[in-house]
Chemist: 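Please read through the structure below; I'll follow up with questions.
Given the structure is predicted, the values throughout are model-derived calculations rather than measurements.
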Amino acid sequence: QVQLVESGGRLVQAGDSLRLSCTASGLTVSTYAMGWFRQAPGKEREFVGAIARSGGSSIYADSVQGRFTISRDNAKNTVYLQMNSLKVEDTAVYYCASSPSDILFRVHTSYIYWGQGTRVTVSS
């Protein structure tokens with residue numbers, strides 16, 4: 001049984017940094033492209049970023065480019081989302097997801113396994 005478990009979400013202030021973790025069981029993160037998505041209240045789920053299976057490439061949404069970074073620790077079977085210079089508009093539930101493709105997709109329908117999400121609240 002595949003499980004993705006996100007953690008690290010909490011209340012922070014604008015300008016702070018936060019690192020989210022996504023720990024997998026039942027799959028090996030190095031064999032999947034791993035993505036992060038978020039969903040704010042009343043809004044659709046949106047793409048944040050993704051890292052390739054090899055870990056050699058990553059893509060990000062324009063809204064987080066330069067502030068967020070995805071990395072992976074294969075030994076811990078965990079993927080991270082480092083978020084710097086947080087803004088109020090980054091407030092959302094953040095989800096990690098996995099895709100078996102070599103291609104990095106921005107659409108959530110390309111990802112087959114999902115975590116339950118972790119809530120990030122950024123106050124002004």
Side-chain angles (χ1 to χ4, degrees):
Q1 181 181 0
V2 174
Q3 276 194 314
L4 300 177
V5 179
E6 303 95 333
S7 61
R10 61 183 177 90
L11 173 64
V12 296
Q13 291 191 325
D16 284 355
S17 295
L18 192 63
R19 189 178 77 164
L20 305 183
S21 300
C22 171
T23 300
S25 59
L27 69 79
T28 303
V29 297
S30 60
T31 64
Y32 284 79
M34 299 298 294
W36 285 93
F37 290 77
R38 67 186 182 185
Q39 188 165 18
K43 295 188 177 181
E44 293 186 353
R45 189 168 301 191
E46 67 170 344
F47 173 78
V48 174
I51 187 167
R53 296 193 299 187
S54 67
S57 62
S58 56
I59 58 173
Y60 298 92
D62 289 345
S63 58
V64 306
Q65 182 76 47
R67 299 189 297 123
F68 290 11
T69 304
I70 298 174
S71 62
R72 67 188 341 146
D73 184 334
N74 292 336
K76 295 182 178 180
N77 213 29
T78 297
V79 177
Y80 302 100
L81 178 65
Q82 177 67 44
M83 305 186 293
N84 298 329
S85 302
L86 282 162
K87 304 177 181 180
V88 172
E89 51 265 41
D90 294 320
T91 295
V93 176
Y94 284 72
Y95 300 88
C96 70
S98 62
S99 166
S101 176
D102 287 333
I103 301 172
L104 293 179
F105 291 105
R106 298 175 183 264
V107 292
H108 69 276
T109 52
S110 297
Y111 293 79
I112 59 173
Y113 297 114
W114 289 82
Q116 83 292 342
T118 186
R119 185 175 301 276
V120 174
T121 304
V122 184
S123 65
S124 59

Chemist: Do Phe68 and Phe37 belong together in a cluster built from hydrophobic side chains that touch within less than 4.5 Å?
Modeler: no
Chemist: Would you say Leu18 ends up clustered with Val48 if hydrophobic residues are merged whenever their side chains have heavy atoms under 4.5 Å apart, either directly or through other cluster members?
Modeler: yes
Chemist: Taking side-chain contact (heavy atoms from CB on, under 4.5 Å) as the criterion, tell me which of Leu20, Val93, Leu11, Leu81 meets it with Val120.
Modeler: Leu20
Chemist: Which heavy atom of Leu104 sits nearest to which heavy atom of Ala33, and what is that distance?
Modeler: CD2-CB, 3.9 Å
Chemist: Do you see a donor-acceptor pair shorter than 3.5 Å between the side chains of Thr23 and Thr78?
Modeler: yes
Chemist: Going by heavy atoms in the side chains, are Ile51 and Arg72 under 4.5 Å from each other?
Modeler: yes
Chemist: With sequence neighbours excluded, give me every disulfide bond (SG atoms under 2.5 Å apart) pair touching residues 6-115.
Modeler: Cys22-Cys96
Chemist: Under a 3.5 Å distance rule, please check whether Arg10 uses its side chain to pair with a backbone N or O of Arg119 as donor and acceptor.
Modeler: no
Chemist: What's the shortest heavy-atom distance between Ser98 and Leu27, and which atoms?
Modeler: OG-CD2, 3.6 Å
Chemist: Would the distance check show the side chain of Ser58 and the main-chain N or O of Ala52 forming a donor-acceptor pair, the cut-off being under 3.5 Å?
Modeler: no
Chemist: Applying a strict under-4.5 Å side-chain criterion to I, L, V, M, F, W and Y, I'd like to know whether Ile70 and Tyr113 cluster together.
Modeler: yes
Chemist: Please check this pair: side chain of Thr91 against backbone of Val122, looking for a donor-acceptor N/O pair closer than 3.5 Å.
Modeler: yes
Chemist: Any non-hydrogen side-chain atom of Tyr94 less than 4.5 Å from a side-chain atom of Glu6?
Modeler: no
Chemist: To check you understand the geometry: which heavy-atom pair defines the closest contact between Ser99 and Ser110, and what is its length?
Modeler: OG-O, 3.3 Å
Chemist: Heavy-atom count around Glu89 CD within 6.0 Å, excluding the residue itself: above 12?
Modeler: yes
Chemist: Is Trp36 reachable from Ile112 through a run of I, L, V, M, F, W or Y residues, each pair having side-chain heavy atoms under 4.5 Å apart?
Modeler: yes
Chemist: Would you kindly check if the NZ (Lys) or CZ (Arg) of Arg19 is within the cone defined by 45 degrees around the ring axis of Tyr80 and under 6.0 Å from the six-membered ring centre?
Modeler: yes
Chemist: Can you sort out the partners of Ser21 under side-chain hydrogen bond (donor to acceptor under 3.5 Å, both in side chains), two or more places apart, ordered by chain and number?
Modeler: none
Chemist: When you compare the side chain of Trp114 with that of Arg45, does any pair of heavy atoms fall below 4.5 Å?
Modeler: yes
Chemist: Which heavy atom of Ser17 sits nearest to which heavy atom of Ser85, and what is that distance?
Modeler: OG-N, 4.3 Å
Chemist: Under 4.5 Å between side-chain heavy atoms, counting indirect links through other Ile/Leu/Val/Met/Phe/Trp/Tyr residues: same cluster for Leu4 and Tyr32 or not?
Modeler: yes
Chemist: Give the minimum heavy-atom separation between Phe105 and Tyr111, together with the two atoms involved.
Modeler: O-OH, 2.6 Å
Chemist: In the structure I gave you, are the side-chain heavy atoms of Arg67 and Asp90 within less than 4.5 Å of one another anywhere?
Modeler: yes
Chemist: Do Ser101 side-chain atoms and Ile103 backbone N/O form a donor-acceptor pair below 3.5 Å?
Modeler: yes
Chemist: Is the backbone of Val29 close enough, under 3.5 Å, to the side chain of Asn77 for a donor and an acceptor to pair up by distance?
Modeler: yes
